[in-house]
**Student:** 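Here you go, one structure.
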Protein chains: 2
Amino acid sequence: MSRSNPRVLSTLERAGGFASAQEVYRLMQREGESIGLTTVYRSLQSLVNDKIVDVLRRDDGEAIYRLCGEAHHHHLVCKSCGDTVEIEGGAIEKWAKVMAEEHGFREVGHTAEIFGLCSKC
Amino acid sequence: MSRSNPRVLSTLERAGGFASAQEVYRLMQREGESIGLTTVYRSLQSLVNDKIVDVLRRDDGEAIYRLCGEAHHHHLVCKSCGDTVEIEGGAIEKWAKVMAEEHGFREVGHTAEIFGLCSKC
DNA sequence: AACAGGAATGAAAATCATTTTCATTTGTGG
DNA sequence: CCACAAATGAAAATGATTTTCATTCCTGTT
């Protein structure tokens, strides 16, 4: 068992929102940090074990990580131009919580996205 | 664009619950069906496009498919055993509509999923 | 300071699901 | 029967993730 490399965590923080292991790695490289991809993966896994970060899956199956507890938001995405608006999801949080309780689920997280055509398109 | 091979759909039905592309393939082989893995993938994709099957992700990132039962619903998925409960999302529908209006979006759809640990895990 | 043993690191190879390529087969209308 | 499009599948390519393993880095101990 290895412990997490602190620079990985700090990079994930700086990334804001979600980032995949590959993205964290590329980001660190671009910033001149000397680190191996393996270490990035190991560190992220360790952070997940310690429940310091959440892990989700993108549509394509790539794992994306995010700081636990970080105020998370949802997205409103335009199908046509790809423009994205960050929106708040108070209603969702409540819904997720209620549904989870109703079915005896614990440690729940959720994903929610809205997509459509923005006013310009 | 290829159309779905009907044997793939029928195998997915017979599998009950969720099955990954690899599982559908193995199942068909075991039953003596002559089919290629590529065709299984293509057929499943096509079924997803036609909204005949749902696709989700297991914890390990593998895509799992299942016949789309009813109309529009959301999922409560166990991260550990993959058990899935279909839940109703009235709150979400409303939230999506309000958020879309607020930002001038039209023709909106949405995705929402909750995941956690079920009572058995 | 030198040393030992364990943890951390990363390059390269291995894995595994999924996608792409491409040559072959099949089916259908003319 | 022929031509042409769609379907098929074997093999290669892709891409994320994991494993292997040799090396480096710590840290506590003589």
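Convention: sequence-line order gives letters A, B, ...; per-chain numbering from 1.
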**Student:** Looking only at heavy atoms, which two atoms of Leu12(A) and Leu67(A) are closest? And how far apart?
**Tutor:** CD2-N, 4.4 Å
**Student:** Rounded to whole angstrom units, what separation is found between the CG atom of Leu9(B) and the P atom of dA7(D)?
**Tutor:** 16 Å
**Student:** What is the nucleic acid contact for Asn5(B), judged by heavy atoms within less than 4.0 Å: base, sugar-phosphate only, or nothing?
**Tutor:** sugar-phosphate
**Student:** Using 30° and 60° as the class limits, which term best fits the ring planes of His110(A) and His74(A): parallel, tilted or perpendicular?
**Tutor:** parallel
**Student:** What pair of heavy atoms forms the shortest contact from Val40(B) to Ala21(B), and how long is it?
**Tutor:** CG1-O, 3.6 Å
**Student:** In residues 25-32 of chain A, which residues come under 4.0 Å of DNA chain C by heavy atom?
**Tutor:** none
**Student:** Spell out protein contact along nucleotides 18-24 of chain C as letters: B when the base is contacted, S when just the sugar-phosphate is, - when no protein heavy atom is under 4.0 Å; keep the 5' to 3' order.
**Tutor:** BBB----
**Student:** Of all heavy-atom pairs between Leu27(B) and Ala15(B), which one has the smallest distance, and what is that distance?
**Tutor:** CD2-CB, 4.1 Å
**Student:** Indicate the atoms forming the closest heavy-atom contact of Ala63(A) with Val55(A), along with that distance.
**Tutor:** CB-CG2, 4.0 Å
**Student:** Side chain of Arg57(A), backbone of Asp59(B): donor and acceptor closer than 3.5 Å?
**Tutor:** yes
**Student:** Rounded to whole Å, how long is the line connecting atom CZ of Arg7(B) with atom P of dT26(C)?
**Tutor:** 13 Å
**Student:** Which pair of non-hydrogen atoms, one from Cys118(B) and one from Phe105(A), has the smallest distance, and what is that distance?
**Tutor:** CB-CZ, 3.5 Å
**Student:** Taking atom P of dA10(D) as reference, at what distance in whole Å does atom CD1 of Ile35(B) sit?
**Tutor:** 11 Å
**Student:** What are the two closest heavy atoms between Ile114(B) and Val108(A), and how far apart are they?
**Tutor:** CG2-CB, 4.0 Å
